[in-house]
Amino acid sequence: MNKYLLLSFVSFFLACGAKEGDTSAVSPKADFAQDIVDKCIEKHGGAAFNALTLAFDFRDRHYQGERNNGIFTYERFFTQEDGIVLHDILNNEGLTRKVNGEGVSLNAKDSAAYANSINSVFYFALLPYFLNDPAVRKTYLGETTLKGQPYHKIKVTFRQEGGGKDFEDVFVYWIHSKDYTLDYLAYNYIVDGGGARFREAYNIRTIEGIRFADYINYQPEPDSRAVETFDQMFEAGQMKELSRIDTEHIEVSLK
């Protein structure tokens, strides 16, 4: 199963109209974790995230979106093997699908799945922008070293209210202690049998002031769900590369 679908809860509540800018969090070191995340978001683009248009390709599908201070429209275009052209449109009101240019009806399950899939792709494309959303709870886990570089380690969990059906999942983000760039992340998901992955950012580029990255996707060996230790496992060579998460042909226009 596409791991973007498994992670979709993180961004699905955004589509339901979550209030942006609410930095409330409940954790032992929430204030320090919040300060680090704020600096990271600023480093990656800051206010530029709030109002922009964005287009890119991901896994043979074209995406384009627009955000304007909480109002958004995300679109996905792709052609099936049988030549049928699908066009999905997601906004604050929900999702609609067009097949060869004609609107079609969707059942609730399919509509939620398509919305989740689209949202999660934009979520990762725009990281760390969404780490300040209302359902996010941040905990500071201390400092560590990866490939000789110093990092702050931030654990993210989710409130049940607004956190989606997968609110029990756990993420860890490694933010550079001096540069405040998000260079590594890990997640432990519960649904569909569960699992855990570790990602390393690469192919870093800045477009219209926004920092974008692709990711190398790793699986822990031996199998582990303890995402808080994945930095240690990575340093010990206990991560197997599974795939590359590449966002291509990015175009950005700021409002």
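Position 1 is the first residue of the sequence, and the numbers go up from there.
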So Y173 and F171, would you call those rings parallel, tilted or perpendicular, with 30° and 60° as cut-offs?
parallel

Is there a continuous path of hydrophobic side-chain contacts, each under 4.5 Å between heavy atoms, that joins L254 to F72?
yes

Can you say whether the rings of F77 and H62 are parallel (under 30°), tilted (30 to 60°) or perpendicular (over 60°)?
tilted

Under the side chain to side chain donor-acceptor pair (under 3.5 Å) test, residues paired with K39 that sit two or more places apart:
D35

Under 3.5 Å, is there a donor-acceptor pair between the Q34 and N132 side chains?
yes

Residue pairs passing the ring-ring contact (aromatic ring centres under 6.0 Å, His included) test with at least one member in residues 232-255, sequence neighbours excluded, are Y184-F234, F198-F234, Y218-F234

Here the salt bridge (charged side-chain N to carboxylate O under 4.0 Å, His left out) pairs for residues 204-214, sequence neighbours left out, are D183-R211, R205-D214

What distance do T96 atom OG1 and H87 atom NE2 have between them, rounded to the nearest 0.5 Å?
7.5 Å

Between S177 and H152, which heavy-atom pair has the shortest distance, and what is it?
OG-N, 3.4 Å

Atom CG of D88 and atom CZ of R61: how far apart are they, to the nearest 0.5 Å?
8.5 Å

V170 versus T157, closest heavy-atom pair with distance:
CG2-CG2, 4.2 Å

Measure from NZ or CZ of R67 to the centre of the six-membered ring of F122 and say whether it is under 6.0 Å with the direction within 45° of the ring axis.
no

Report yes if some heavy atom in the side chain of V121 is under 4.5 Å from a heavy atom in the side chain of Y123; otherwise report no.
no

Side-chain heavy atoms of Y140 within contact of V37, under 4.5 Å:
no

Describe, in one word, how the ring planes of H176 and Y151 are oriented to each other, choosing from parallel (under 30°), tilted (30 to 60°) and perpendicular (over 60°).
perpendicular

For the student: nearest non-hydrogen atoms of P220 and F230, plus distance
CG-CZ, 3.6 Å

